[in-house]
Every structure is written in C-alpha cells, then in structure tokens.
Amino acid sequence: MTETRTETSPKDRDDLFRFLDGLGIAHSTKDHAPVFTVAESVSLRDEIPGGHTKNLFVKDKKDNFFLLTVEENAAVDLKTVHTLIGAASKVSFGKPEKLMEYLGVAPGSVTAFGAINDIEKNVTFVLDADLMAHDIVNCHPLSNDATTSIASADLLRFMEATGHVPLVLKVTG
C-alpha cells in the first residue's frame with residue numbers, strides 16, 4: 001500500500017530537495033543513524049564540514065513562535081533572548097504538537113528547513129550571526145537520520161523563497 005500525500009501533509013526530504021533544486025541551490029546530504037541530540041551527532045563532525053546546528057523552538061505568552069537556529073555548542077540565555085528577537089515576553093519551549101503543525105517535524109528533527117512547511121508563516125526564524133558566519137551550514141532535512149549541507153547564503157535564499165524573512169542576530173552568549 002502506498003502512502004497518500006495531501007496538501008496538508010508536511011513536506012518531506014524529497015520535497016525539500018526538489019524545492020532546493022528548483023531554486024538552483026546546491027546541497028549535499030549524508031545519511032546516518034538517527035540522532036536526537038547534539039551530543040549524539042558529534043561523531044559526524046569529521047565527515048561533514050561547516051557549522052552544525054542546534055534548534056530551539058520557543059514561544060512567548062502571546063503564542064508567537066520562534067525557531068532559533070544556532071551553532072551546536074552555543075549557549076542561548078532563554079531568560080533574556082526575548083529582548084533580542086522581538087518576543088512579547090520571556091520565552092518557553094513550544095509544544096511538540098505545534099512543532100509538527102507549523103514545521104512538519106517531530107522533536108529531534110527540528111531544522112531551519114521546517115520553513116518549507118510553515119505555509120501560514122506562524123514562526124519567526126532566527127539564524128544566529130555566529131552560525132551564519134560559516135560558509136556552509138548543516139541542518140537536518142526534515143528528519144534526524146541525515147544531515148544536509150548548504151551554503152549559508154543559500155539558506156537565506158531558501159528562507160526567502162518560502163516567504164520568510166529570517167532575522168540574522170547574535171542570540172548566543
């Protein structure tokens with residue numbers, strides 16, 4: 001039995017790659033065992049050059065959602081980051097149900113590429129300036145069993161093509 005996809009189904013990695021190809025954005029992907037944490041993904045560093053990401057899906061008290069994409073070892077002060085990103089209040093972590101609804105991913109697979117599924121533009125994407133200083137940025141391609149490498153400038157082009165204008169800010173300590 002084949003899986004039926006609908007307009008409301010989240011896009012998957014094949015959809016993502018077709019979208020990137022359509023934009024003429026070069027990308028390469030390395031498949032690996034699923035990784036759920038930065039600590040688990042450290043073994044891939046020698047094989048995949050560039051900046052590696054950690055993603056924090058957060059919300060403020062007015063239910064404004066943000067995805068903070070930072071370098072894997074960077075520290076984000078969740079008590080003060082709201083002042084940098086334009087949140088209405090201090091932020092807390094968003095619920096897994098909203099993560100799936102808005103970005104089409106489960107915890108452990110959170111990625112800036114989730115912008116492709118945020119059709120209603122419910123999420124503000126924040127890319128840390130230190131991460132974006134890398135020529136290459138590595139993100140999960142909507143699942144945590146692979147890593148996709150893309151030029152940092154092309155990550156911005158991808159975001160804009162999805163209708164998002166990401167904030168590039170220094171949000172790490």
Tell me whether L155 is reachable from L67 by hopping between hydrophobic residues (I, L, V, M, F, W, Y) whose side-chain heavy atoms are closer than 4.5 Å.
yes
Derivation and outcome, side chain to side chain contact (heavy atoms under 4.5 Å, CB included), residues L142 and T111
CA-CA 6 Å; L142 305 172; T111 172; 3.8 Å; yes
Can V70 be reached from L156 by stepping across I, L, V, M, F, W or Y side chains whose heavy atoms are under 4.5 Å apart?
no
Chi angles and distances behind the side chain to side chain donor-acceptor pair (under 3.5 Å) call for S149, N138:
CA-CA 4 Å; S149 303; N138 297 291; 2.4 Å; yes
How far does NZ of K11 sit from CG of L103, to the nearest 0.5 angstrom?
12.5 Å
Contact check, side chains of E71 and H134, non-hydrogen atoms, under 4.5 Å
yes
Quick test of your reading: applying side chain to side chain donor-acceptor pair (under 3.5 Å), list the pairs with at least one residue in residues 114-125, sequence neighbours left out, ordered by first then second residue.
D118-H164
To the nearest 0.5 angstrom, please state how far the CD1 atom of I48 sits from the CD1 atom of I136.
12.0 Å
For T148 and H27, which heavy atoms make the closest approach, and how far apart are they?
CG2-CB, 4.0 Å
Within the 4.5 Å heavy-atom criterion, are V165 and F125 side-chain neighbours or not?
no
Got a sec, which residues hit side-chain contact (heavy atoms from CB on, under 4.5 Å) with S152, two or more places apart in sequence or on another chain?
M132, V137
Would you mind writing out the side-chain donor-acceptor pairs for residues 90-101 within the sub-3.5 Å range, not counting sequence neighbours?
{"residue": "K98", "atom": "NZ", "partner": "E101", "partner atom": "OE1", "Å": "3.3"}

Residue pair L84 / K170: nearest heavy atoms and the distance that separates them:
CD1-O, 3.7 Å
Taking all non-hydrogen atoms of both residues, which atom of L56 and which atom of L78 are closest, and how far apart?
CD1-CD2, 4.5 Å
Give, for atom CZ of F113 and atom OG1 of T53, the distance between the pair rounded to the nearest 0.5 Å.
9.0 Å
What is the distance from atom OG1 of T147 to atom NE2 of H140, rounded to the nearest 0.5 Å?
5.5 Å
Using side-chain heavy atoms (C-beta onward) and a distance below 4.5 Å, is L167 in contact with L127?
no
Taking all non-hydrogen atoms of both residues into account, name the closest pair between L23 and F158 and its distance.
CD1-CA, 4.2 Å
Using 0.5 Å steps for rounding, measure from the CD1 atom of I150 to the SG atom of C139.
7.5 Å
Sequence neighbours excluded, which residues qualify as side-chain contact (heavy atoms from CB on, under 4.5 Å) partners of P34?
F36, N144, D145
The criterion is salt bridge (charged side-chain N to carboxylate O under 4.0 Å, His left out); which residues satisfy it with D77, sequence neighbours excluded?
none
Which heavy atom of A74 sits nearest a heavy atom of K54, and at what distance?
O-NZ, 2.5 Å
Do F66 and L131 land in one hydrophobic cluster if side-chain heavy atoms of ILVMFWY residues count as linked below 4.5 Å?
no
Same cluster for V126 and M159 if Ile/Leu/Val/Met/Phe/Trp/Tyr side chains link at under 4.5 Å?
no
Closest contact, heavy atoms only, V110 versus V105:
CA-CG2, 3.9 Å
Would you mind reporting whether F17 and T29 have side-chain heavy atoms less than 4.5 Å apart?
yes
With a 4.5 Å limit on heavy-atom distance, are the side chains of F57 and V123 in contact?
yes
May I ask you to test the D128-L169 pair for a side-chain heavy-atom distance under 4.5 Å?
no
Between S89 and D60, is the side chain to side chain donor-acceptor pair (under 3.5 Å) condition met? List the steps.
CA-CA 5 Å; S89 66; D60 65 17; 5.0 Å; no
If hydrophobic clusters are built by linking Ile, Leu, Val, Met, Phe, Trp and Tyr wherever their side-chain heavy atoms come under 4.5 Å apart, do I85 and V168 end up in the same one?
no
Please enumerate all residues that pass side-chain contact (heavy atoms from CB on, under 4.5 Å) together with A151, with sequence neighbours excluded.
D154
Is the closest side-chain heavy-atom distance between R157 and T162 below 4.5 Å?
no
What do you reckon, is CG of D130 surrounded by more than 12 foreign heavy atoms closer than 6.0 Å?
yes
Check: N55 and E72 side chains under 4.5 Å, non-hydrogen atoms
no
